[in-house]
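All remarks here apply to the structure that follows.
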Amino acid sequence: MYRLTEIEPKWQQRWAEARVAEIDVTAPGRKLYMLNMFPYPSGDLHVGHGRNYILGDAVYRYFRMRGRAALNPMGWDAFGLPAENAAIKNRTHPRPWTLANIERMKKQFARWGILYDWSKEIASCEPEYYRWNQWLFLQLYKRGLAYRGTAPVNWCPQDQTVLANEQVVDGRCERCGALVEQRELSQWFFKITEYADRLDAGLDTLEHWPEKVKLMQRNWIGRSLGADVDFQVPALGKPIRVFTTRPDTIFGATFMVLAPEHPDVATLIADHPDREEIEQWITGVRNQSALERQEAGKEGRFTGKNAINPFTNEEIPIWLGNFVLPQYGTGAIMSVPAHDQRDFEFAGQYGLPIRVVIAPASGAAGFSPPNEAGGLKPAAPPLTEAFTIKDDSGVAINSGPIDNLPVPKAIERIIEIIEERGLGKGAVRYRLRDWLISRQRYWGTPIPMIYCDRCGLVPVPEEQLPVRLPLDVPFTGREGNPLSKHDAFVNVSCPQCGGGARRETDTMDTFVDSSWYFLRFVTPRDDAKIFDTELANRWLPVDQYIGGIEHAILHLLYARFITRTLHDIGLISFEEPFTRLFNQGVITKEGYKDARGSWVSPSEVQWRDDKPYRGDELLTAEVTKMSKSRLNVVPPDELIARYGADTERVYTLFIAPPEKEAAWSDEGVVGAYRFLGRVWNMFDRLQDTTSPDITRKMHQTIDAVTSRIERFEFNTAISALMELSNALGDAPSREAYETLLKLLHPFAPHITEELWSMLGNEGMVLTSQWPVADRALMQEETVVIAVQVNGKLRGQVEVPAPPDEQRVFEAVFANEKIQNWVAGKELVKKIYVPGKLVNVVVKG
RNA sequence: GCCCGGAUGGCGGAAUCGGUAGACGCAGCGGACUUAAAAUCCGCUGUCCCGUGAGGGGCGUGCCGGUUCGAGUCCGGCUCCGGGCACCA
């Protein structure tokens, strides 16, 4: 039995005392900026969280041993709603709750053997940090990138605050799950839409980001190419502009639909006989949540007015429709029911005409060509659904000047004509909307603005920052934002006229805090500026960023946006904050549910006939993400007390490829423990000489582990180390053993430090260097080559390395066994795959 | 609905280029040590068939088909599972 759990605290203490991870950012060296996404200090960490940090620490230790000047800081995303809710529940204040959690989590990091440069620690809830949030806000305000505007926004009735678009999932609050309501409110926004094109184009430069994340961002930004086209409306005396991605189908636009919110609606229906009914309907639609609006199905009202299709010159009816979104495009669409499924459904419901203007390029089955009678009658087949073709397999018909052009060409040509005739222009539209940053909550960065009755909106002067969040607020419950009841905070004098004024009581979305924190780590104590431009340009972009896929859109998009604004202000020279991104997968574990769907603690579960029971009640087992609420977390403390942190580290990295979801298995842990035990026990039997076989294996392992760490293939890196350890067997050579310890150090730092010092060496983490593989010594002396006859494996031959074609075939035809398969047949072909196998093709 | 990703033993997973499928680990079986248990160590372990045995043979990477001397890997067509977006015109 080895003393792994005893030696770990010793080394953790030594690393802390020696401040091994502290780095002078002004010192020379080849820099490397490693970063794990800073966590929300929610309390205890479980082994699922551990994966993220263990992985980062392994990479950090590896690069240190390669001699890189590596910065590996850590901090706390310390503002946010859970602290407030905990404060209400425990009748305390968010601050002590948050700080206690930070202390607890720091201890856990240390117990995992994770090395952070704590001299650079930051916490976003401290005025030394959030004053720069406020400073950043003022810079954006100056440039018109922060503005107050009235818009339909997402309101969470449970959390009593507005939410960003990105925080609404399936019509519900991402945090608490309450159904989100639409409200028309005046709020603070950041103008991220102004950067939509650059945020989209920039994705192409991110070679080392997962394709999946780039794709998610691309879809979220939602760039669409098309055209804005004006349709004259005689009743208005002016045109209504629509946006379409399919201007080639304009000859098929048989009606127009406006969002009920469209600004021209009031005028259009002013003299409508049923005006009141329509207005009631509009109010009803506007009061629906996005989810309700969609679930209601397609509904509309005819305005009684017509528009002129600029190409067919026909009068087409203008309808209102609940399926047209006010915030996208122009809030008005030209409807082409033949070629858009939504328009098709709407047309079917209200008996509106359908005209086919696209046909399959080569007569598709079931589609007879439309008639030629002026081309204005509905096309031949009664369509059962819209007929959408976006590529060369469709051609325009019934479309005058673009007839017979394939779709992509037709789009190009019709835009030219639209522009020539002054009907509109080619246009790009984005799905992305501005970032709503106001929160009606207490525990966040105060927005540094003042409302003055005489001067209007007045920014707090920079020299008055920070606007401190007052700590003496009562935490009684859900009665709105406690800040608005804090008179000393709210009542201020106007910085411009000196008269009485009111302070903004909204706080910022905490995603503002995390949108630039990676810049602060380089100079975290600088109270004169947000960061040092020269040092930031030296250390950033972050070379390796590690965190969960759940931030694929929110945090990473905001950080890319803010980084660009700082670039445009002239504070940094780069536009992308993170060069390499890695998203680790979650750890899952079986949880147990009773008949009512409540989670049951594993300690209450009894197994009978391989089925889980609680008493007589049969439970269902479900493998889900590890989380407190599902009662399926594995706390690291007990695990570490029994097997040591090194065991948890090795097991966590060995369990599965790190980007994949991985199922935790308590039995599996012992495999890692046994492996480390074998390494430990080998120490007593070291030999002085190394056999050629072991030398070869050693160099192969160095090569394999190195390349696998660089590619984040930790599971196979560890399996290579297990192979080496198995090969060392009873007679481990000292040379190979020392190499094994070095290669193992990023994964199991404590045991390797201990053994390294027992061998008489000084501090592995500080002084040892990563071994280099000697290619010549990796080579085999002889090579075993598989021999196939007609593709079937028929034997093996052994030839001296390196094998060449002639020698290999000589050996093959000298082999008696193989001759049996070839005898009496005609040789057709000889195939030689260097180093691996040969194949002889014979006939007869 | 649209867009991605995946499917390999009882389980987690290996297999840079198309070249001996199942590395490494778990679980299981057998054995050693032990009064015994734990721990540790050794051997076996995809599946079916033939053989007392050494050994030999067939099948096998979700399904169907194709390319190739050769396919887990490439191509075409499916099925199922997971994820993202979702009335975005």
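These numbers come from a predicted model, not from an experiment. Order of the sequence lines fixes the chain letters, A, B, ..., with proteins taken first and strands second; residue numbering starts at 1 for each chain.
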Query raised in the report: Given that V669(A) and V838(A) both sit by RNA chain B, which one's nearest nucleotide is further toward the 5' end?
Result: V838(A)
Query - 5' precedence on RNA chain B between P326(A) and K212(A) (nearest-nucleotide basis) - result: K212(A)
May I have the distance from [X] (atom [atom1]) to [N] (atom [atom2]), rounded to whole angstrom?
X	N	atom1	atom2	answer
E713(A)	G12(B)	CD	C1'	16 Å
L325(A)	A86(B)	CG	P	11 Å
I549(A)	G84(B)	CD1	P	9 Å
W319(A)	A89(B)	CH2	C1'	18 Å
L724(A)	G25(B)	CG	C1'	16 Å
R433(A)	A86(B)	CZ	C1'	13 Å
Q288(A)	C87(B)	CD	P	13 Å
Y673(A)	C24(B)	OH	P	23 Å

[X] side chain near [N] phosphate (N/O to OP1/OP2, under 4.0 Å):
X	N	value
Y328(A)	A89(B)	yes
T716(A)	A23(B)	no
K298(A)	C87(B)	no
R241(A)	A89(B)	no
R218(A)	C3(B)	no
Q788(A)	G70(B)	no
R674(A)	C26(B)	yes
R678(A)	C41(B)	yes
N219(A)	A86(B)	no

Could you please name the option among [options] that lies closest to any side-chain atom of [X]?
X	options	result
L215(A)	U20(B), A89(B), C3(B)	C3(B)
N715(A)	U20(B), A14(B), C87(B)	A14(B)
N322(A)	C87(B), G83(B), U20(B)	C87(B)
E723(A)	C26(B), A89(B), C24(B)	C24(B)
R711(A)	U16(B), G13(B), A86(B)	U16(B)
D340(A)	A89(B), A23(B), C69(B)	A89(B)
I655(A)	G12(B), C87(B), A89(B)	G12(B)
P657(A)	G13(B), G19(B), C26(B)	G13(B)
N839(A)	C69(B), A89(B), G25(B)	C69(B)
S719(A)	C41(B), A89(B), C24(B)	C24(B)

So [X], base contact, sugar-phosphate only, or nothing? Heavy-atom distance under 4.0 Å.
X	answer
G297(A)	base
S224(A)	sugar-phosphate
R429(A)	nothing
V833(A)	base
E667(A)	sugar-phosphate

Query raised in the report: If only atom types and distance count, is the side chain of Q700(A) paired as donor or acceptor with the main-chain N or O of M778(A) below 3.5 Å?
Result: yes
**Report entry** Glycosidic conformation of C17(B), taking syn as within 90° of 0 and anti otherwise
**Finding:** syn
Query raised in the report: Should G60(B) be called syn or anti, with syn set as within 90° of 0?
Result: anti
Applying the Watson-Crick and G-U wobble criteria at under 3.5 Å, what pairs with [N]? Answer none if nothing qualifies.
N	answer
G5(B)	C81(B)
G55(B)	C50(B)
C74(B)	G66(B)
C29(B)	G43(B)

Between the side chains of [Y] and [X], is the shortest nitrogen-to-carboxylate-oxygen separation below 4.0 Å, so that they form an ion pair?
X	Y	answer
K697(A)	E723(A)	yes
K390(A)	D248(A)	no
D703(A)	R775(A)	yes
K589(A)	E661(A)	no

Requested in this report: Assess K298(A) against F323(A): is NZ or CZ under 6.0 Å from the centre of the six-membered ring, and within 45 degrees of the ring's axis?
Outcome: yes
**Report entry** Cation-pi geometry met for R429(A) and F243(A) (6.0 Å, 45°)
**Finding:** yes
In whole Å, measure the gap between the [atom1] atoms of [N] and [M] for me.
N	M	atom1	answer
A21(B)	G60(B)	C1'	9 Å
G30(B)	U16(B)	C1'	39 Å
G62(B)	G43(B)	P	32 Å
G56(B)	G66(B)	C1'	33 Å
G12(B)	G18(B)	C1'	27 Å
G83(B)	G77(B)	C1'	24 Å
G9(B)	G22(B)	C1'	7 Å
G82(B)	C87(B)	C1'	25 Å

Query raised in the report: How are the rings of F582(A) and F712(A) set to each other: parallel, tilted or perpendicular (split at 30° and 60°)?
Result: tilted
**Report entry** Mutual orientation of the aromatic rings belonging to W319(A) and Y350(A) [parallel < 30°, tilted 30-60°, perpendicular > 60°]
**Finding:** tilted
Query raised in the report: Are F654(A) and F714(A) near enough that their ring centres are under 6.0 Å apart?
Result: no
